[in-house]
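Presented below is the structure to which this report refers.
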Amino acid sequence: MVERVVTVRQRGKVQMALAGTIVVEMVFDVFLQLVQARAFWQAAWRKESKW
């Protein structure tokens, strides 16, 4: 996040604020990683998926 904010520093404070919203993206990324880890775990233990 810091890298993105520093990168757009010359474009102004509004752009820095927009770059700082990566926090939302990071939370979603962690969620996706947890879902994928669960899928790998179920595949490794041959658990049957139920919809």
Side-chain angles (χ1 to χ4, degrees):
M1 180 175 81
V2 173
E3 184 270 332
R4 287 191 182 197
V5 171
V6 170
T7 302
V8 298
R9 179 180 51 186
Q10 295 174 342
R11 294 186 181 211
K13 293 184 180 189
V14 173
Q15 299 298 335
M16 289 173 65
L18 289 173
T21 61
I22 191 170
V23 172
V24 175
E25 182 181 334
M26 289 173 60
V27 171
F28 183 64
D29 185 49
V30 169
F31 169 73
L32 290 178
Q33 289 178 15
L34 290 172
V35 170
Q36 186 173 17
R38 182 174 182 255
F40 285 148
W41 178 264
Q42 288 179 340
W45 293 104
R46 299 180 188 249
K47 302 274 183 174
E48 184 178 333
S49 296
K50 295 183 181 177
W51 292 84

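Model, not experiment: these values are computed from the prediction.
- Cluster note: Trp41 groups with Trp45 through ILVMFWY side-chain heavy atoms spaced under 4.5 Å, whether in direct contact or through intervening members.
- Between Ala19 and Val8, the closest heavy-atom pair is CB-CG2, 3.7 Å.
- A side-chain N or O of Thr7 and one of Glu3 form a donor-acceptor pair less than 3.5 Å apart.
- Counting only residues at least two apart or on different chains, no ring pair (Phe, Tyr, Trp, His ring centres under 6.0 Å) pair has a member in residues 13-40.
- Annotation for Arg4 and Glu25: closest pair NH1-OE1, 3.6 Å, computed over non-hydrogen atoms.
- By the side-chain hydrogen bond (donor to acceptor under 3.5 Å, both in side chains) test, Gln10 pairs with no residue at all, sequence neighbours left out.
- Both Leu32 and Val35 are members of a single hydrophobic cluster when ILVMFWY side chains are connected at heavy-atom separations under 4.5 Å.
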